[in-house]
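Since the structure is predicted, the reported quantities are computational estimates derived from the model, not experimental observations. Naming convention: chains lettered A, B, ... in sequence-line order (proteins, then strands); numbering from 1 in each chain.
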There are 2 protein chains.
Amino acid sequence: MNQIVEDVGTSKGGFYHHFTSKDELLFEIHDTFITHVLEKGIYAYETHHSPTRKLQAIVKEFVNVFGLYKAHISVFYQESTYLKQQYQKSVKDKRDQFKQIVMRTIEEGKKSGEFREELSVEITTMAILGMVNWIYKWYRQSGANTMEEIGDIFVDLILHAVLQTETISKDNYKEILLDLPFFAKGNRND
Amino acid sequence: MNQIVEDVGTSKGGFYHHFTSKDELLFEIHDTFITHVLEKGIYAYETHHSPTRKLQAIVKEFVNVFGLYKAHISVFYQESTYLKQQYQKSVKDKRDQFKQIVMRTIEEGKKSGEFREELSVEITTMAILGMVNWIYKWYRQSGANTMEEIGDIFVDLILHAVLQTETISKDNYKEILLDLPFFAKGNRND
DNA sequence: TAAAACAGACCAACTAGTCGGTCTTAACTT
DNA sequence: AAGTTAAGACCGACTAGTTGGTCTGTTTTA
């Protein structure tokens, strides 16, 4: 608290005039970015027709938040274990909503025949959430790749993982999959 | 500390007779499972010839640790942010070693032509590490899938993501990829 | 001039870690 | 076999420092 208050350039009194507890601040931090992804996710889900496009857009937006809200996300994951019950619940609710969107998309993909029939909706969803969420652990702005690039690569990996093999071969979604070695498109590879 | 010592059924004095600090305990906890994965990873890397087999074995073992050392891993990730400098370094060293094994495997896969040429070695590696590491956040022993199943599904997803499309179609690695909807093999799906 | 915004000394609860002491174990002596 | 002894294992009251949070003010704003 002393640290927070000092860094922000305020005082205990000032802080507690706006927040009832440290937990509320933490909750607010989480809510800021989760609300953002959720809105973007819903929008992506609703504006596209094919499950492939939906998934592409959702993942892209999802990855993007880690660029926009890096600080928020880092402190949230660092402190979230100590969050009080009441807040834990509403945090989980919103996260579950996002998870549902991904799951529904994969389900639709299987139904439509675009995605592989043998996919486990639950586990595939958790794999996607995991690989993206983990970004906060390793992403550095000074790193070799921009968030934009990481997003594109993740989309490529995920779509190759879920799409029917024939669909990939048929070049249906050529523009959203990586074709040439990445550097050949004007980006750095590896 | 009071909690740890109480839960374990010992005392402060007893504890500090064996450890110089709480950090050392935390380090020991991490070292237990990281050493395990690393050994398994190296073994997997060295005993297989094709990059595909290597990756399959590495991922399978990697996922497995999360079943074997769930408690270790949970407390490590919960407390690791507060770990002192000196320990942080040796923790990072071992984790980097494992990362290197995965990266080398993907590199080899690209060179051999089994994996897609357009893969970013770094990002693909981080995607794999991420989706597996995230397991500790959601895996419940009471859940619908065993670790064994999750491992198989993750291998299937990852290999579909990295393998050349033609390789998949040719049924070269039929046994390590999922073919039928999972439940048809006697497992629960979704 | 009153309410909202802010300040910071203060507090209770908790943190990791210490230290003087007791108990256990097992090798050594008789 | 019984007694001696010393080192390792273990105990828990205590401490210094930190934590989130309160409360009595003062300042700012409209």
Rounded to the Å, how far apart are B:E6 CD and D:dC11 C1'?
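From B:E6 CD to D:dC11 C1': 14 Å.
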
Grab the CZ-C1' distance between A:F19 and C:dC6 for me, whole Å please.
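Value for this atom pair: 14 Å.
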
What salt bridge (charged side-chain N to carboxylate O under 4.0 Å, His left out) pairs are there with at least one residue in residues 34-59 of chain A, not counting sequence neighbours?
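Residue pairs with at least one partner in residues 34-59 of chain A: A:R53-A:E175, A:K54-A:E108.
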
Between [X] (side chain only) and [Y] (backbone N and O only), is there a donor and an acceptor less than 3.5 Å apart?
{"X": "B:S112", "Y": "B:G109", "answer": "yes"}
{"X": "B:S90", "Y": "B:Y87", "answer": "yes"}
{"X": "A:Q88", "Y": "A:L83", "answer": "yes"}

Using the 3.5 Å cut-off, write out each protein N or O paired with an N or O of nucleotides 12-21 of chain C and the distance between them.
from   : atom 1 : to    : atom 2 : distance (Å)
C:dA16 : OP1    : B:K22 : NZ     : 2.5
C:dA16 : OP2    : B:M1  : N      : 2.4
C:dG17 : OP2    : B:Y16 : OH     : 2.9
C:dG17 : OP2    : B:K22 : N      : 2.8
C:dG17 : O5'    : B:Y16 : OH     : 3.4
C:dG17 : N7     : B:K12 : NZ     : 3.1
C:dG17 : O6     : B:K12 : NZ     : 2.3

B:S11: partners by side chain to side chain contact (heavy atoms under 4.5 Å, CB included), with sequence neighbours left out:
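None.
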
Contacts of type side chain to side chain contact (heavy atoms under 4.5 Å, CB included), residue A:Y16, not counting sequence neighbours:
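Per chain and number, A:Y16 pairs via side chain to side chain contact (heavy atoms under 4.5 Å, CB included) with A:M1, A:K12.
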
Any side-chain N or O of B:H18 below 4.0 angstrom from OP1/OP2 of D:dG8?
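Looking at the OP1 and OP2 atoms of D:dG8, neither is under 4.0 Å from any side-chain N or O of B:H18.
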
Got a list of protein N/O to nucleotides 24-30 of chain D N/O distances below 3.5 Å?
none

Exercise: identify the closest heavy-atom pair between B:L68 and B:H36
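That would be CD1-NE2, 3.7 Å.
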
Contact list (N/O, under 3.5 angstrom) for nucleotides 24-26 of chain C vs protein:
none

Among A:I128, A:I176, A:V155, A:L163, find the residue that satisfies the side chain to side chain contact (heavy atoms under 4.5 Å, CB included) test when tested with A:L55.
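With A:L55 as partner, A:I128, A:I176, A:V155, A:L163 yield a single side chain to side chain contact (heavy atoms under 4.5 Å, CB included), made by A:I128.
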
Parallel, tilted or perpendicular: ring planes of B:F33 versus B:H30, cut at 30 and 60 degrees:
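B:F33 vs B:H30 ring planes: perpendicular.
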
Whether B:W134 and A:Y77 hold their rings parallel, tilted or perpendicular, with breakpoints at 30° and 60°
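Correct class here is perpendicular.
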
When you get a sec, tell me which of C:dA5, C:dA7, D:dG8 is the closest nucleotide to the side chain of B:H17?
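Nearest to the side-chain atoms of B:H17, counting from C-beta on, is D:dG8.
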
